[in-house]
Amino acid sequence: MLEGSVRNSTSEIKRLIAEEFYEFGSSGSAFGFADLFPRLQEESATIPYEMTEERVKFFGDKAVLLTYKLLRGERHTLRSSIWEEKAVGWQMTFHQGTIVPED
């Protein structure tokens, strides 16, 4: 999901993100599936992402909570995503980003 080729591909986003998707963004705004495409296309693909401290917690056979830290430029955030196994494969149904204050 973090690669520019995935984030800028409508077909990949539709494959990985459920239509009922909802997010509380690190900006403080909340948005849904229809809001993703313009937001992802506006983001700069030139700033690399570094993902660390990934953890996966299974909730039965068909749902997981993924948590991780994300570094993008000078910005650190804590991230959590709920992924569910559906007929089309694993899809993200919820995501939240929280900015980590600077020390």
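The residues of the chain are indexed from 1 along the displayed sequence. As the structure is a prediction and not an experimental result, all values here were calculated from the model.
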(request) Taking all non-hydrogen atoms of both residues into account, name the closest pair between I99 and T77 and its distance. (result) CA-CG2, 3.9 Å
(message) Are E84 and K62 packed together at the side-chain level, in the sense that at least one heavy-atom pair is separated by less than 4.5 angstrom?
(response) no
(message) Side chains of Q96 and T98, heavy atoms from C-beta outward: is any pair under 4.5 Å?
(response) yes
(request) May I ask whether M92 and M51 are part of the same hydrophobic cluster, defined by side-chain heavy atoms of I, L, V, M, F, W, Y residues being less than 4.5 angstrom apart, directly or through others? (result) yes
(request) Give the ring-plane orientation class for F94 versus F24, where under 30° counts as parallel, over 60° as perpendicular and anything between as tilted. (result) perpendicular
(request) Side-chain contact test, heavy atoms from C-beta onward, threshold under 4.5 Å: evaluate it for K14 versus F33 and give yes or no. (result) yes
(message) Any side-chain to backbone donor/acceptor pair from H95 onto S80? Under 3.5 Å, distance only.
(response) yes
(message) Test of understanding: clusters of I, L, V, M, F, W, Y form through side-chain heavy atoms closer than 4.5 Å, transitively. Do V64 and I17 belong to the same one?
(response) yes
(request) Nearest 0.5 Å please: distance from the CD atom of E53 over to the CG atom of L70. (result) 12.0 Å
(request) Tell me whether V56 is reachable from L65 by hopping between hydrophobic residues (I, L, V, M, F, W, Y) whose side-chain heavy atoms are closer than 4.5 Å. (result) no
(request) To the nearest 0.5 angstrom, please state how far the CZ atom of R79 sits from the OH atom of Y68. (result) 6.0 Å
(request) With the side chain counted from C-beta on, respond yes when T93 and F21 share a heavy-atom pair under 4.5 Å apart, and no when they do not. (result) no
(message) In the structure I gave you, are the side-chain heavy atoms of T52 and L71 within less than 4.5 Å of one another anywhere?
(response) no
(message) Once rounded to the nearest 0.5 Å, what's the spacing between atom CD of E20 and atom CD of Q91?
(response) 7.0 Å
(request) Would you kindly confirm whether I82 and V88 end up in one hydrophobic cluster when ILVMFWY residues are joined by side chain heavy atoms under 4.5 Å apart? (result) no
(message) Ignoring hydrogens and geometry beyond distance, is a side-chain donor-acceptor pair present between R75 and S26 at under 3.5 Å?
(response) yes
(message) If you define the side chain from C-beta out and look only at heavy atoms, does anything of W90 sit under 4.5 Å from E85?
(response) yes
(message) Would you say that more than 12 heavy atoms from the other residues, nucleotides or ligands in this model lie under 6.0 Å from the CZ of F59, or not?
(response) yes
(request) For atom NZ of K86, decide whether the heavy atoms of other residues, nucleotides or ligands shown that lie under 6.0 angstrom number more than 12. (result) yes
(message) Please say yes or no: joined through hydrophobic side-chain contacts below 4.5 Å, possibly via intermediate residues, are L66 and I13 part of one cluster?
(response) yes
(request) Quick one: pull up CD in E23 and OG in S81 and give me the separation to the nearest 0.5 Å. (result) 8.0 Å
(message) Please determine whether the number of non-hydrogen atoms from other residues, nucleotides or ligands lying under 6.0 Å from atom CD of E19 exceeds 12.
(response) no
